[in-house]
Amino acid sequence: MSQDEQREYFELQETEYPETVPSVLKHKSSKQVVLESETSGLSNTISAMQSISISMPSAETLGNNAEPKAVMFLSRPMSKGSSIGEADNDSQRFKDKNFDSFKTWSGKLERQITSLSGRSRKFDSEEESTQNPENEPLPVDRYFDALEGPELETLRSTEEIMLPDDKTWPFLLRFPISSFGICLGVGSQSVMWKALASTTSTRFLHISLTANLILWWIAVALVAVVSSIYLLKVILYFEAVRREYYHPIRVNFFFAPWISLLFLSLGLPPSVSSNLPEPLWYILMTPILCLELKIYGQWMSGGQRRLSKVANPSNHLAIVGNFVGALLGASMGLKEGPIFFFAVGLAHYLVLFVTLYQRLPTNETLPKELHPVFFLFVAAPSVASMAWAKIRGSFDYGSRIAYFIALFLYFSLAVRVNFFRGFKFSLAWWAYTFPMTGAAIATMQYSSVVTNVLTQTLAVILSLVATLTVTSLLVTTMLHAFVLRDLFPNDVAIAISDRKPKHHRKWFHIRHGGSEWSKDIETFLKFANTSNNDIEAALNISNDEAKRV
């Protein structure tokens with residue numbers, strides 16, 4: 001067969017990108033294929049590619065009756081004005097699967113589509129083998145081994161995280177469950193301003209219910225926004241939510257969304273609705289009861305999640321929900337349900353109070369950034385005093401005992417000014433808010449029973465301090481969130497690996513079988529003294545000279 005008869009022409013047609021694909025593919029010889037373009041728009045791109053050659057077997061290696069193998073050409077359009085290196089970087093960013101282990105679907109749909117298209121999954125299988133599938137929850141021991149600090153939010157120096165720590169993670173991964181503390185603060189403010197306008201001891205202030213209406217709608221908006229964002233996190237990054245749930249400290253913040261809804265029900269303005277349906281109380285208290293059955297059982301059953309191991313001021317959130325629910329239920333006219341939750345909350349509060357006072361878990365003090373969390377000590381007794389007063393129908397001795405405990409704890413923390421200074425802003429500051437607001441509301445109810453200038457003045461002062469605190473924190477939070485953009489750093493607490501790190505001994509790297517290397521060390525130690533001159537001489541001396549000495 002002659003060389004002219006071996007020439008063939010291949011026509012490449014592309015329907016999706018007709019203006020960017022050359023129309024003629026001319027087979028020049030049996031050893032080389034040259035791509036020629038009839039369009040002038042891609043001259044720069046093709047010149048950057050220089051030439052494309054495909055090696056094919058020569059005519060001598062083929063038999064007379066052998067037919068040439070079909071050649072398949074896969075074309076991929078390149079972005080105009082970009083080089084090959086930039087296109088490769090873009091494709092690498094697109095294929096970055098560092099966060100797939102935390103995604104709900106983890107790219108399974110993409111891999112199924114790839115397999116259906118007939119493309120090879122060699123590289124996908126390699127990537128899947130290198131990734132660590134997180135199908136089962138992490139044991140609690142890993143949180144204590146990999147994290148440190150009373151809040152278990154600081155990564156130990158010997159640990160490594162699963163996600164890259166040199167770049168910012170997606171926003172949903174950085175949005176913690178503790179963000180519901182903002183809803184607690186603003187929602188409790190709506191309850192306080194409703195009490196200021198309706199309590200007999202504070203009527204001399206002539207406060208209108210308009211403030212309660214405005215704050216209530218602001219609280220509703222905050223609860224809607226925070227709940228929507230976290231719901232997206234549940235849908236898109238379920239693994240991150242599950243890790244927060246199994247975190248021995250953060251699991252307490254799963255009470256916060258439901259407590260926020262209880263505050264919205266208590267602070268409901270009369271202009272919106274005067275009565276609430278009783279089924280609403282059962283709907284709101286059902287998830288709280290389910291969480292309590294799990295967490296209180298872990299406190300009592302032992303193991304790594306026993307109370308003496310995980311005790312922290314944030315555990316008060318698991319207690320406050322009982323008293324707030326009892327207060328709402330008694331306000332709606334219910335009897336047995338509020339008493340049940342009040343009894344459960346009281347029993348576990350006594351145990352938690354003693355445990356936290358003794359500091360059994362680690363005997364470590366809280367870092368400065370978490371000092372505001374100590375105000376959670378005030379929340380439970382102040383709300384309990386109001387709940388018992390609503391159940392009994394009067395602010396009797398039981399309510400007063402709980403109120404005096406809360407008042408003493410409040411002042412014991414307030415006098416320690418330096419205890420709450422000298423640290424940067426964090427979401428933990430919102431722990432100031434609803435305990436201080438609860439103490440102010442309890443003081444109003446107490447002043448209604450014991451009415452005098454002292455109690456009325458105390459009620460006004462505590463209400464003013466709580467309002468200023470919430471306002472300043474709300475402004476500061478918005479500043480850090482939208483201006484400084486440092487409110488949500490990378491959440492390393494949810495990115496710990498399920499494997500313990502391999503401890504490598506950091507010592508001199510002595511080469512195997514390197515006798516000369518050990519001789520050099522012996523020579524240096526033999527001639528090195530305290531003076532710098534001897535050290536330099538020891539570094540320059542040879543082994544032969546050392547033997548002669």
Show, in sequence, the C-alpha distance, side-chain angles and deciding distance for Asp491 and Arg243, and conclude whether the salt bridge (charged side-chain N to carboxylate O under 4.0 Å, His left out) test is met. CA-CA 11 Å; Asp491 192 5; Arg243 283 171 172 256; over 6 Å; no

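Aromatic rings of Phe404 and Tyr446 (six-membered ring for Trp) have centroids within the 6.0 Å cut-off, being under it.
By the 4.5 Å heavy-atom criterion applied to side chains, Ser178 and Trp430 are not counted as neighbours. In this structure the side chain of Leu184 reaches within 4.5 angstrom of the side chain of Phe263, judged on heavy atoms. Side-chain contact between Ile288 and Leu291 is absent, with no heavy atoms from C-beta onward closer than 4.5 Å. For the pair Leu213/Leu209, no side-chain contact is recorded, criterion being any heavy-atom separation below 4.5 Å from C-beta on. Counting heavy atoms from C-beta on, the side chains of Ile339 and Trp388 never come closer than 4.5 Å.
In terms of modelled atom types and a separation under 3.5 Å, the side chain of Tyr296 and the main chain of Ala318 share a donor-acceptor contact. With hydrogens and angles disregarded, no donor-acceptor distance shorter than 3.5 Å links the side chain of Asn490 to the backbone of Val492. In this structure, the side chain of Thr443 does not engage the main chain of Leu458 through any donor-acceptor pair within 3.5 Å. Side-chain atoms of Ser273 come within 3.5 Å of backbone atoms of Asn275 as a donor-acceptor pair (strictly under, hydrogens ignored).
Between Thr451 and Ser448, the shortest heavy-atom contact is OG1-O, 3.4 Å. Between Lys390 and Ala330 the shortest heavy-atom distance is CG-CB, 3.3 Å.
Checking Thr437 against Gln189 by side-chain atom types alone, a donor-acceptor pair falls below 3.5 Å. Side chain to side chain, Tyr410 and Ser382 fail the donor-acceptor criterion of an N or O pair below 3.5 Å. Side-chain contact, Ser394 with Asp396: no donor N or O sits under 3.5 Å from an acceptor N or O. Between the side chains of Ser385 and Ser399, no donor-acceptor pair is found at a separation under 3.5 Å.
Within the structure, side chain to side chain donor-acceptor pair (under 3.5 Å) contacts touching residues 280-295 (residues at least two apart or in different chains) are Glu292-Asn322. Pairs engaging residues 450-477 under the ring pair (Phe, Tyr, Trp, His ring centres under 6.0 Å) rule: none recorded [sequence neighbours left out]. Applying the ring pair (Phe, Tyr, Trp, His ring centres under 6.0 Å) test to every pair with at least one member in residues 454-488, sequence neighbours left out, gives these pairs: Phe171-Phe488, Phe175-Phe488, Phe425-His480.
Remark: Glu244 engages Lys233 in a salt bridge, criterion side-chain N to carboxylate O under 4.0 Å.
A cation-pi geometry, defined here as NZ or CZ lying under 6.0 Å from the six-membered ring centre and within 45° of its normal, holds between Arg400 and Tyr397.
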